[in-house]
Protein chains: 2
Amino acid sequence: MKLYEQIKQHLLDGISAGRWAEGAKIPSEHDLMATFNASRMTVHRAMRELSADGILHRMQGAGSFVRRQAPRSALLEIHDIAEDISQRNHVHGSIILHLAAIRADAAIAAELDLRRGARVFYSEIVHTEDGVPVQLEQRHVSPRFAPDYLAQDFSAQTTSRYLQAIAQPTEVEHIVHAVAADSRVQTILEIPPSEPCLQVLRRTWTEAGPATRSLLTHPGSRYSLGSRYAVNQRK
Amino acid sequence: MKLYEQIKQHLLDGISAGRWAEGAKIPSEHDLMATFNASRMTVHRAMRELSADGILHRMQGAGSFVRRQAPRSALLEIHDIAEDISQRNHVHGSIILHLAAIRADAAIAAELDLRRGARVFYSEIVHTEDGVPVQLEQRHVSPRFAPDYLAQDFSAQTTSRYLQAIAQPTEVEHIVHAVAADSRVQTILEIPPSEPCLQVLRRTWTEAGPATRSLLTHPGSRYSLGSRYAVNQRK
DNA sequence: CAGTGGTCTAGACCACCCA
DNA sequence: GGGTGGTCTAGACCACTGG
């Protein structure tokens with residue numbers, strides 16, 4: 001087996017055997033060079049890859065530590081489109097079409113566990129990537145969950161980021177559809193009538209009950225969802 | 001900016017500017033060493049990271065190429081359709097349109113890590129729910145992974161189930177798109193031209209390398225993907 | 001200050017692909 | 001056989017951390 005893989009495996013084995021607990025400091029590059037009779041570049045590569053995989057946490061001047069693991073088992077992340085876009089080195093923009101309290105209709109009331117006609121916050125925002133619309137975000141938020149929702153400046157901070165900062169949801173649901181856009185959505189997203197859209201319905205709950213219901217509509221030609229995961233990372 | 005990041009950015013820029021199309025060969029390590037006045041290790045690191053991110057496809061002895069399609073982040077678990085259907089107490093059926101060895105074209109060869117023109121297994125199956133088409137499954141399978149693929153009876157056992165019985169993949173990738181169906185697919189799925197389709201590209205790997213590449217196309221009106229996830233609290 | 005990780009160089013040997 | 005990538009070495013300089 002390749003030397004850098006042996007080193008990775010040695011560290012992974014040690015972690016799963018409990019020889020190094022979460023947060024513990026693991027041997028330095030210098031130590032591992034001696035243990036494996038390897039050059040520093042080789043040891044460094046092994047540790048850098050483990051760091052990229054989120055297994056280790058490395059700090060210049062301090063050492064390398066076992067990362068306290070977020071549960072990787074279920075492969076579902078809440079993700080903020082602004083971060084996605086800036087990770088691709090593109091420019092994210094928001095156009096706020098709507099931000100107000102409205103009366104819940106029967107469907108929304110049922111989903112958010114409110115009485116029909118109750119106050120519910122509604123926002124409608126178009127997200128652009130390098131100026132091109134990539135997502136229409138239509139979001140209903142329960143006032144119980146985010147009472148100050150209307151007072152936020154969502155051109156400075158995305159709704160996702162704000163809501164996540166309030167409280168982590170305890171439960172998340174995603175449903176993905178392919179749909180045709182109606183004429184209003186076609187106009188907003190600047191797409192022809194023939195273009196299919198990828199629509200994600202995302203609902204979140206906290207312990208206090210339903211929190212948000214978001215309908216995210218994306219032009220099929222400009223957006224896709226993906227996930228990739230390694231089945232047996234840490235074993 | 002760090003040198004290896006400059007090199008990565010240079011390649012990413014060139015790809016998004018269309019200077020190197022999908023599948024095109026990009027400069028060799030040797031070329032980039034000269035361009036950036038960098039050592040080979042540094043160039044190599046830049047290209048290795050792009051390869052790990054699925055941007056490049058590298059083949060020893062042949063060169064480095066732009067990978068077709070770039071995965072996005074986040075989301076989603078996907079089940080075997082036959083199980084889904086029978087869990088709903090509906091009747092699952094399969095129509096086998098194709099099951100043969102074909103020659104890999106450049107795109108498939110790159111994805112499955114084969115030489116162009118190499119033998120690769122290809123199957124095309126329509127799945128029906130109570131007689132109505134709900135999925136067109138177009139699957140390429142590496143002979144290295146499943147040498148006896150062609151000898152199976154896939155009307156008795158789904159391809160997914162057979163492949164999973166051989167070996168669990170170590171890595172799985174899903175990419176979800178909304179697309180319009182071409183006329184052949186419209187006919188197969190019995191849908192009108194206006195109906196958008198939900199398309200899932202699923203790729204799997206084992207330790208020995210790429211194993212399968214499946215394109216699953218569903219009528220938007222008859223199929224959606226869903227997932228619900230209870231977030232684990234951090235300990 | 002000594003220890004540590006981040007980056008980089010200038011070589012090397014090997015396995016592989018393709019003309 | 002010439003070009004290409006995969007791995008590895010033995011150095012180097014730097015930035016940062018901690019006692």
Report the distance from atom [atom1] of [X] to atom [atom2] of [N], rounded to the nearest whole Å.
| X | N | atom1 | atom2 | result |
| --- | --- | --- | --- | --- |
| Leu56(B) | dG6(D) | CG | C1' | 15 Å |
| His30(A) | dG6(C) | NE2 | P | 17 Å |
| Phe65(A) | dG3(C) | CZ | C1' | 12 Å |
| Leu11(B) | dG5(D) | CG | P | 11 Å |
| Gln60(B) | dG5(D) | CD | C1' | 5 Å |

Mutual orientation of the aromatic rings belonging to Phe36(A) and His10(A) [parallel < 30°, tilted 30-60°, perpendicular > 60°]: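 It falls in the perpendicular class, over 60°.
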Over all atoms of both residues, closest heavy-atom pair of Pro196(A) and Val179(B):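 Result for this residue pair: CG-C, 3.3 Å.
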If you compare all heavy atoms of Leu136(B) against all heavy atoms of Val126(B), which two are closest, and at what distance to 0.1 Å?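 Reported closest heavy-atom pair: CD1-CG2, 4.1 Å.
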Bend angle of the helix from dC1(C)-dG18(D) to dC18(C)-dG1(D) from five-pair axes at both ends, rounded to 10°?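 Helix axis angle between the two ends: 10°.
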Partner residues of Ser28(B) under the side-chain hydrogen bond (donor to acceptor under 3.5 Å, both in side chains) criterion, sequence neighbours left out: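 Partners of Ser28(B) by the side-chain hydrogen bond (donor to acceptor under 3.5 Å, both in side chains) criterion, ordered by chain and then number, come out as Asp31(B).
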Kindly write out the residues that satisfy salt bridge (charged side-chain N to carboxylate O under 4.0 Å, His left out) with Lys25(A), not counting sequence neighbours, or none if the list is empty.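 With neighbours one apart ignored, the set is empty.
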Arg161(B): salt bridge (charged side-chain N to carboxylate O under 4.0 Å, His left out) partners, not counting sequence neighbours: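 Arg161(B): salt bridge (charged side-chain N to carboxylate O under 4.0 Å, His left out) contacts with Glu83(B).
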Protein N or O to nucleotides 7-11 of chain D N or O, pairs below 3.5 Å:
from   : atom 1 : to       : atom 2 : distance (Å)
dT7(D) : OP1    : Lys2(A)  : NZ     : 3.3
dT7(D) : OP1    : Tyr4(A)  : OH     : 3.2
dT7(D) : OP2    : Arg45(A) : NH1    : 3.3
dT7(D) : OP2    : Arg45(A) : NH2    : 3.3
dT7(D) : O4     : Arg40(B) : NH1    : 3.4
dC8(D) : OP1    : Leu3(A)  : N      : 2.5
dC8(D) : OP2    : Tyr4(A)  : N      : 3.4
dT9(D) : OP2    : Ser39(A) : N      : 2.8
dT9(D) : OP2    : Ser39(A) : OG     : 3.0
dT9(D) : OP2    : Thr42(A) : OG1    : 2.8

Short N-O contact, Arg58(A) and Glu29(A), less than 4.0 angstrom: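 Answer for the salt bridge query: yes.
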Assuming nearest nucleotide by heavy-atom distance, tell me which of Arg58(A) and Gly61(A) is located more 5' along DNA chain C.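 Going by which nucleotide is closer to the 5' end, it is Gly61(A).
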Got a sec, which residues hit ring-ring contact (aromatic ring centres under 6.0 Å, His included) with His44(A), two or more places apart in sequence or on another chain?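 Testing His44(A) for ring-ring contact (aromatic ring centres under 6.0 Å, His included), a comparison that skips the adjacent residues, returns none.
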Is Ser64(B) close enough to dG5(D) that one of its side-chain N or O atoms is under 4.0 Å from OP1 or OP2 there?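 Affirmative; the distance criterion is met.
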